[in-house]
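Just so it is clear, the model here is predicted, and its values are computed rather than measured.
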Amino acid sequence: MSKPVFQSAAPFNADVLALPVTDLDSASDWYCKHFGMTEIERADAPNSAVILERDGVRIGFAINGGDPSQDGAAIRVHDINGIKAELEANGIGVANTRVDERDGERFNVFFVVAPDGLCYYFNEPVSG
């Protein structure tokens, strides 16, 4: 059986590598601990920013004046139940899994709202 992995990330708004936060250190610590990510890059200009990675998928956070409660990312995964169990084991409150339909495709999905207010839409195509 293969391990649960992140496959891709797409932003709700402009840039999945510049999701708005107010504290980079807190964001990096939380996502590393709870999402199993690793910090791979930091920058001070043009805005203070940090890039994290898991399974080759990158998500970044920036002090850019944006409103975290109005942003987030869709994260495509392999083994959504495994990802959900992993997040729950890491202390995250996870919404119930449901099936969404978009453009004729069906997806198993659940949402996570991080402490900074960013919303994550974890999804995996329904097979079969």
Side-chain angles (χ1 to χ4, degrees):
M1 187 167 213
S2 61
K3 93 175 201 172
V5 297
F6 286 19
Q7 294 181 313
S8 66
F12 289 160
N13 287 320
D15 188 354
V16 77
L17 294 179
L19 297 173
V21 295
T22 56
D23 183 314
L24 289 179
D25 290 332
S26 292
S28 180
D29 290 347
W30 193 88
Y31 289 95
C32 288
K33 178 181 178 183
H34 293 91
F35 277 24
M37 304 190 88
T38 301
E39 184 174 320
I40 60 166
E41 186 178 327
R42 271 197 190 240
D44 292 323
N47 297 311
S48 295
V50 62
I51 306 290
L52 306 178
E53 183 177 80
R54 175 180 170 164
D55 305 320
V57 175
R58 294 181 177 193
I59 299 175
F61 305 93
I63 308 293
N64 57 18
D67 181 355
S69 70
Q70 299 301 309
D71 212 337
I75 301 176
R76 176 71 51 93
V77 300
H78 168 73
D79 186 3
I80 197 159
N81 294 322
I83 292 284
K84 184 177 181 189
E86 179 184 310
L87 295 175
E88 290 171 331
N90 289 340
I92 296 179
V94 177
N96 290 333
T97 303
R98 70 177 197 218
V99 175
D100 279 0
E101 191 166 329
R102 292 187 321 271
D103 302 323
E105 284 189 78
R106 295 176 49 156
F107 298 86
N108 288 312
V109 307
F110 66 84
F111 291 89
V112 169
V113 178
D116 52 28
L118 291 165
C119 181
Y120 295 91
Y121 176 81
F122 286 86
N123 67 91
E124 178 179 44
V126 173
S127 58

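- Across all their heavy atoms, G60 and I51 have their closest contact at CA-CD1, 3.9 Å.
- The nearest pair of heavy atoms linking I59 to A9 is CG1-CB, 4.1 Å.
- Partners of Q7 by side-chain contact (heavy atoms from CB on, under 4.5 Å), not counting sequence neighbours, listed by chain and number: V5, R76, H78.
- A donor-acceptor distance shorter than 3.5 angstrom exists from the side chain of N64 to the backbone of A18, with no hydrogens or angles considered.
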Run the side-chain contact (heavy atoms from CB on, under 4.5 Å) check on F122 and L87 step by step: do they pass?
CA-CA 11 Å; F122 286 86; L87 295 175; 3.8 Å; yes
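- Of the candidates C119, P68, S69, V113 forms a side chain to side chain contact (heavy atoms under 4.5 Å, CB included) with just one, namely C119.
- L19 and G72 make their closest contact through CD2-O, 3.5 Å (heavy atoms, listed as atom of the first residue, atom of the second, distance).
- Contacts of T38 classified as side-chain contact (heavy atoms from CB on, under 4.5 Å), with partners at least two apart in sequence or in another chain: none.
- Shown here are the side-chain contact (heavy atoms from CB on, under 4.5 Å) partners of N81, two or more places apart in sequence or in another chain: D79.
- For E101 (side chain) and R106 (main-chain N/O), no donor-acceptor pair under 3.5 Å exists by modelled atom type.
- Considering CD of E41 and CG of L17, their distance stands at 8.5 Å, rounded to 0.5 Å.
- In this structure, D103 contributes its side chain and E105 its backbone to no donor-acceptor pair below 3.5 Å.
- Nearest approach of F6 to V57, heavy atoms of both residues: O-CG2, 3.5 Å.
- Residue F111 shares its hydrophobic cluster (ILVMFWY side chains chained together at separations under 4.5 Å) with F12, F107, V109, Y121.
- Looking at heavy atoms from C-beta onward, S28 lies in side-chain contact with L52 at the 4.5 angstrom threshold.
- Taken to the nearest 0.5 Å, the CG atom of N123 stands 8.5 Å off from the CG atom of D100.
- Distance check, rounded to the nearest 0.5 Å: CG of D15 to CG of D71 gives 9.0 Å.
- The neighbour count for R42 CZ, taken as heavy atoms of other residues, nucleotides or ligands under 6.0 Å away, is above 12.
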Pair I63-L24, side-chain contact (heavy atoms from CB on, under 4.5 Å): steps then yes or no
CA-CA 7 Å; I63 308 293; L24 289 179; 4.0 Å; yes
Just list the side-chain donor-acceptor pairs under 3.5 Å for residues 29-37, sequence neighbours left out, or say none.
unit_1 : atom_1 : unit_2 : atom_2 : d
W30    : NE1    : H34    : ND1    : 3.2
Y31    : OH     : D116   : OD1    : 3.2
Y31    : OH     : D116   : OD2    : 3.0
Y31    : OH     : Y120   : OH     : 3.0
H34    : ND1    : W30    : O      : 3.1
H34    : NE2    : N90    : O      : 3.2

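- Here K84 contributes atom NZ and E86 contributes atom CD; the two are 14.0 Å apart, rounded to the nearest 0.5 Å.
- Judged as a side chain to side chain donor-acceptor pair (under 3.5 Å), the pairs with a partner in residues 44-53 (not counting sequence neighbours) are, in order, E53-R58.
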